[in-house]
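Each remark here refers to the structure printed beneath this line.
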Amino acid sequence: MDLCIIGSGYVGLVSGACFAEVGHTVICVDNDQRKVDMLHRGEIPIYEPGLEELVLRNVAAKRLRFTNSIEEGVDHSQVVFIAVPTPPQADGSVDLTYIERVAREIAGVLKPGQYRVVVDKSTVPVKTGEKVEATIRRYNREAELDVVSNPEFLREGCAVPDLMHPDRIVIGSSSQRATDLMKRVYEPFQAPILVTDVNSAELIKHAANSFLSLKISYINAVSAICEASGADVEMVADGIGMDRRIGRNFLNAGLGYGGSCFPKDVKAFIAISDELGVPFHLLKEVENINAGQLERFLKKVREALWVLREKRICVWGLTFKPDTDDVRNSVAIDLIQHLVKEGAHVTAYDPKGMSKAVEHHLLPAGVKLTHSALEATEGAEALILATEWKEFANQDFSKVKEAMHTPLIFDGRNLFNPKTMREFGFTYHGVGRP
Ligand code: UGA
């Protein structure tokens with residue numbers, strides 16, 4: 001099929017590449033000329049395992065191309081996906097400016113007799129589909145279209161496998177013609193398809209992300225009880241996770257959830273429910289627990305080091321999770337900001353996140369970045385693990401201990417084995433485990 005994806009960010013670019021990989025012909029549209037130029041040169045603006053090969057292969061096979069022209073994309077495609085950002089506003093509600101602008105732009109280029117399925121892939125509040133359709137019809141009275149909601153569930157860091165082998169495809173549609181076309185788009189993926197109305201599909205995305213955040217906050221609250229009682233949160237998570245009704249996934253205690261989705265989507269779901277007159281109080285507690293988790297961790301650091309001023313602290317990890325270069329809303333960066341504010345000298349290293357952290361000016365002045373994980377530990381009085389990259393688990397810890405001034409580890413993601421670390425001679429503090 002001929003498809004167009006408007007917006008070449010994490011969701012748009014990876015979806016475009018995967019649609020091309022299964023045989024569709026895809027045009028990715030982006031209004032950022034710099035990004036389009038990069039893609040034309042074969043450079044990928046984001047780091048995502050497997051993405052570069054996928055893009056290069058499908059460009060070479062002429063199934064994938066890039067443009068800044070919405071008209072070219074809409075002319076070429078039966079199905080037009082919208083995958084532009086939906087950032088949060090100051091009050092937590094979703095800023096739909098980009099979606100509205102794209103809807104007007106589509107209206108401006110849709111020609112009479114050109115039936116199109118316009119698909120919302122961005123995470124949007126319930127009832128947005130209705131507004132997108134009304135907007136396109138308002139600016140183009142002859143438009144022939146259906147608007148479908150098709151939320152995306154990929155995770156950064158494993159976006160390609162998530163897209164190629166999804167747990168489910170959700171298609172929110174009120175038109176059989178549009179549903180049939182969407183089923184053809186997804187047929188090659190051999191995944192279960194759930195067809196719903198548009199509002200339900202939109203709600204599914206916010207409800208899913210909020211539920212996963214709730215799972216993380218639940219185990220983080222349990223980790224506090226473990227610390228107070230001497231129990232081990234990893235064993236508790238294994239024990240409850242073996243119940244198939246609960247499942248072990250997303251029960252990893254740590255510094256809390258971050259990134260460009262969970263914090264924003266929980267806030268958005270709170271704002272949406274408030275607006276609908278049915279406040280979702282439970283989600284406010286999910287947020288409180290998440291914020292408290294970093295606070296409790298910092299308290300442990302202060303208890304061990306007493307005063308942070310002038311202390312040399314090494315932080316491993318800047319990204320909000322491993323296998324990505326994304327540093328947006330990263331708890332690792334929040335942590336560094338707290339440490340620097342209290343006067344510590346921070347040295348940090350991340351396998352992929354350092355250039356974006358610098359480019360977006362996210363690090364406070366004075367933070368020193370190094371070329372390797374080991375180099376960052378030199379002379380440190382404490383090592384804090386903030387993001388669980390495999391590279392950190394694979395370090396030679398006898399060298400790390402030698403490099404450090406005092407062998408003290410705070411493992412914010414329970415990556416290391418406490419017993420092994422103690423055998424190396426470190427004083428070890430994890431989250432919710434003795
Ligand atoms: C999340 C969802 O998992 C995806 O299904 C969804 O498509 C995406 O948001 C989105 O809305 O676009 P993502 O934010 O990329 O994906 O990454 P996750 O793997 O979900 O991690 C989010 C945060 O939760 C990270 O900071 C991670 O460290 C934290 N986390 C995750 C935990 O603290 N504990 C866990 O057990 C799992």
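Note that these values count all heavy atoms, side chains included, but never hydrogens, waters or copies made by symmetry. Numbers here simply count residues along the sequence, with the first being 1. Atoms within a ligand are numbered from 1 in the order they appear, just like the ligands themselves.
With no hydrogens or angles considered, no side-chain donor-acceptor pair links Ser355 and Glu359 at under 3.5 Å.
Residue-to-ligand polar distances place Asn209 within reach of ligand 1: an N/O pair is separated by less than 3.5 Å. Taking only nitrogen or oxygen atoms, main chain and side chain alike, Arg155 does not reach within less than 3.5 Å of ligand 1. Ligand 1 has a nitrogen or oxygen under 3.5 angstrom from a nitrogen or oxygen of Glu152. Considering both main-chain and side-chain atoms, Glu156 comes within under 3.5 Å of ligand 1 through a nitrogen or oxygen pair. At a 3.5 angstrom cut-off on N or O pairs, Ile216 does not count as close to ligand 1.
The aromatic rings of Phe81 and Tyr186 sit perpendicular, their planes meeting at an angle over 60°, well past the 30° parallel limit.
Using a non-hydrogen distance threshold of 4.0 Å, Lys215 does not register as a contact of ligand 1. Every heavy atom of Gly259 sits 4.0 Å or more from the atoms of ligand 1.
When hydrogens are left out, the protein atom nearest atom 36 (O) of ligand 1 is Asn252 N, 2.9 Å; that is the closest non-hydrogen contact.
Pairing each heavy atom of Asn150 with each of Lys121, the nearest pair is OD1-NZ, 3.0 Å. Closest non-hydrogen pair, Ala332 versus Thr387, comes out as CB-OG1, 4.0 Å.
Of the listed options Phe153, Phe262, Tyr10, Phe262 places a heavy atom closest to atom 1 (C) of ligand 1. With Gly258, Ala253, Ser217 as candidates, the residue nearest to atom 26 (O) of ligand 1 on a non-hydrogen basis is Gly258. Comparing heavy-atom distances from atom 12 (O) of ligand 1 across Cys261, Pro322, Ser330 singles out Cys261 as nearest.
At a heavy-atom cutoff of 4.0 Å, ligand 1 is contacted by no atom of Val11, backbone or side chain. Residue contacts with ligand 1, taken as heavy atom pairs separated by less than 4.0 Å, do not involve Asp162 at all.
Taking the ring centre of Phe153 as origin, the terminal cationic atom of Arg168 falls inside the region bounded by 6.0 Å and 45° from the ring axis.
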| message | Assess the residue pair Tyr428 and Phe416 against the criterion (ring-ring contact (aromatic ring centres under 6.0 Å, His included)); give the C-alpha distance rounded to whole Å, side-chain angles, the decisive distance to 0.1 Å, and a yes or no. | response | CA-CA 9 Å; Tyr428 174 89; Phe416 307 125; 7.0 Å; no
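Atoms OG and NE2, from Ser273 and His281 in turn, are 8.5 Å apart once rounded to the nearest 0.5 Å.
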